[in-house]
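Reminder, nothing fancy here: chain letters follow the sequence lines and each chain counts from 1. In what follows, every heavy atom counts, from backbone to side chain, and hydrogens, waters and symmetry copies are set aside.
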Amino acid sequence: MAALQPVRGTHDLLPDAARAHRAVEARAFEVASRFGFGEIMTPIFEFTEVFKRTLGDTSDIVTKEMYTFEDRGGESLTLRPEGTAAIVRAFISGGLAQQVPVKAFYRGPMFRYERPQKGRQRQFHQVGIEILGVEGPAADIEVIACGAHILEALGLGGTVTVELNTLGDVESRAAYRETLVAYLQGRKGELSEDSLTRLEKNPLRILDSKDEGDRAVVAEAPILADSLNDASRDFFARVQEGLAALNVPIEISPRLVRGLDYYTHTAFEFTTTKLGAQGTVLAGGRYDGLVKQMGGPPTPGVGWAAGVERLAMLLADPPPAPRPLAVIPAGAEADTLALTVTDRLRRAGYAVDLGYSGNMGKRMKRANKIAARAAVILGPDEIAAGAATVRDLDSGDQEAVPFDALEGALDRFR
RNA sequence: GCGGGUAUAGCUCAGUUGGUUAGAGCGCUUGGUUGUGGUCCAAGAGGUCGUCGGUUCAAAUCCGACUACUCGCCCCA
């Protein structure tokens with residue numbers, strides 16, 4: 001067991017797991033398509049600068065979690081740690097500013113050098129959506145509603161809570177930050193070590209702290225809502241009204257803040273209690289300054305990303321493998337016939353298994369093991385009669401079906 | 001990056017105070033059944049006890065380091 005292991009924090013997806021994984025992606029894309037999102041596929045690596053500029057120099061992702069390397073030309077490249085930066089880069093490189101609003105869906109692997117835990121890997125997969133170029137709250141509403149639909153489609157409707165907050169526009173956020181820092185400076189002595197670092201790097205994060213001492217300090221801290229200007233307050237109210245009209249149940253969570261620097265206004269998180277410390281299953285927000293910050297035309301944006309592995313773990317009933325037909329030759333004379341019958345049925349759209357060896361008993365066992373719906377038995381008797389014996393493997397009933405009528409007669413086993 | 005726990009067959013797990021050839025269930029292979037699967041019965045294959053080192057007459061068992069997994073922190077999907 002020791003010798004040949006996958007790289008730490010990476011995992012193989014064997015057929016059952018792969019099917020669950022693909023099911024999550026497929027459901028997500030299907031629902032997003034109904035909302036009008038089109039898929040954008042970007043490379044899994046970018047110039048390191050792309051992530052440094054978008055995520056902010058102080059974020060943990062940039063300072064300690066990126067897989068960064070030099071290629072042979074001496075360029076610094078980085079395996080993408082998240083999806084938004086690449087989508088925004090593609091938006092700028094591809095001149096999509098001419099076509100706003102742009103509604104993008106993406107999926108695929110992301111890479112972060114972290115200590116693995118349940119629901120946290122070094123290579124993991126996300127699906128995500130972004131709307132670029134819409135200033136009003138209609139986009140926030142649509143994006144959150146889409147996330148809720150997807151989780152519903154996955155059968156997770158009842159198990160996930162939607163937490164919502166606003167960070168306000170740039171002005172409000174800056175004002176609050178100042179008020180908060182002033183307050184926290186006064187009670188510095190009571191803060192945890194982690195929070196003292198946060199005070200320098202990302203003071204809003206302290207609101208989110210799990211440390212008991214921090215929580216006591218935070219409980220008496222000034223509230224962000226009080227620092228909102230009228231425009232921000234109005235924006236937030238309209239987001240809430242829209243979601244209420246759509247019956248998306250939300251919890252206002254005044255201490256919800258997002259880690260990455262580029263967020264403004266709406267912030268949200270879909271969480272479950274079933275995954276331990278990694279309960280966030282889908283999260284995002286609005287990032288009005290990002291496109292401009294990356295060198296594109298000023299363009300507002302809003303979106304989210306969801307963790308495919310986390311969602312797959314929650315799937316109540318993982319998708320079953322498809323049930324095939326089993327073609328079973330009895331005796332060597334039937335081999336060629338079995339081959340051609342199998343081929344015909346496959347061309348007609350059936351999933352068909354034709355074993356490679358073994359007598360009839362063994363082949364029946366295999367048919368049973370792969371959960372075949374029916375066995376199509378071909379032997380000397382069948383060849384003589386010009387009709388296959390078709391056995392329903394659930395009921396055990398058998399009937400004779402003329403060779404040339406097989407395609408139509410097997411429809412109920414499809 | 002920090003702190004705790006765990007590591008025995010493909011999987012889930014037993015294994016006494018250190019003692020001879022390390023077990024069970026499931027799964028797998030074969031046979032009972034050379035034209036009929038599931039159930040049942042029987043037999044069989046499969047283990048350098050995570051790796052390396054130490055203590056001991058003797059280590060799966062005690063000690064150390066490493067590796068992986070896992071829980072929490074940080075951070076985040």
Check: A/Y287 ring centroid to A/H265 ring centroid under 6.0 Å: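 Not close enough - the centres of the two rings lie 6.0 Å or further apart.
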Please work out if [X] contacts a base, only the sugar-phosphate, or nothing of the nucleic acid, heavy-atom cut-off 4.0 Å.
X: A/Q117; result: base
X: A/A283; result: sugar-phosphate
X: A/R115; result: base
X: A/I377; result: base
X: A/G119; result: base

Please determine, for the side chain of [X], which listed nucleotide ([options]) has the closest atom?
X: A/R120; options: B/A77, B/G35, B/U29; result: B/A77
X: A/R198; options: B/A77, B/C75, B/U70; result: B/C75
X: A/K362; options: B/G1, B/C76, B/G31; result: B/G31
X: A/R391; options: B/C74, B/G35, B/G38; result: B/G38
X: A/K369; options: B/U70, B/U29, B/G37; result: B/U29
X: A/R8; options: B/G37, B/G1, B/C69; result: B/C69

Euclidean distance, atom CE of residue A/M360 to atom P of B/U33 [Å, nearest integer]: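 Value for this atom pair: 17 Å.
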Rounded distance in Å - CG (A/D394) to C1' (B/G38):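 Going from A/D394 (CG) to B/G38 (C1'), I get 10 Å.
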Return the pairing partner of [N] with a 3.5 Å limit on both distances, Watson-Crick or G-U wobble; otherwise return none.
N: B/C62; result: B/G54
N: B/U17; result: none
N: B/A42; result: B/U30
N: B/A24; result: B/U12
N: B/C69; result: B/G5

Sidechain N-carboxylate O distance under 4.0 Å for A/E49, A/K52: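 The answer is no: the pair does not qualify as a salt bridge.
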Ion pair check, A/R187 and A/E190, cut-off under 4.0 Å: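 A/E190 and A/R187: salt-bridged.
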Determine the Euclidean distance between corresponding [atom1] atoms of [M] and [N]; express it in Å to zero decimal places.
N: B/G23; M: B/G72; atom1: P; value: 38 Å
N: B/A60; M: B/G50; atom1: P; value: 10 Å
N: B/U51; M: B/A9; atom1: P; value: 10 Å

Parallel, tilted or perpendicular: rings of A/F270 and A/F268 (30°, 60°):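 Aromatic pair A/F268/A/F270 classed perpendicular.
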Parallel, tilted or perpendicular, as decided by the 30° and 60° cut-offs, for the rings of A/Y67 and A/Y113: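 Correct class here is perpendicular.
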Pair of N/O donor and acceptor under 3.5 Å linking B/G1 base with A/E65 side chain: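 Side chain to base: no pair present.
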Stepwise salt bridge (Lys or Arg N to Asp or Glu O under 4.0 Å) test for A/D343 and A/R346: CA-CA 5 Å; A/D343 190 60; A/R346 284 174 178 161; 6.0 Å; no
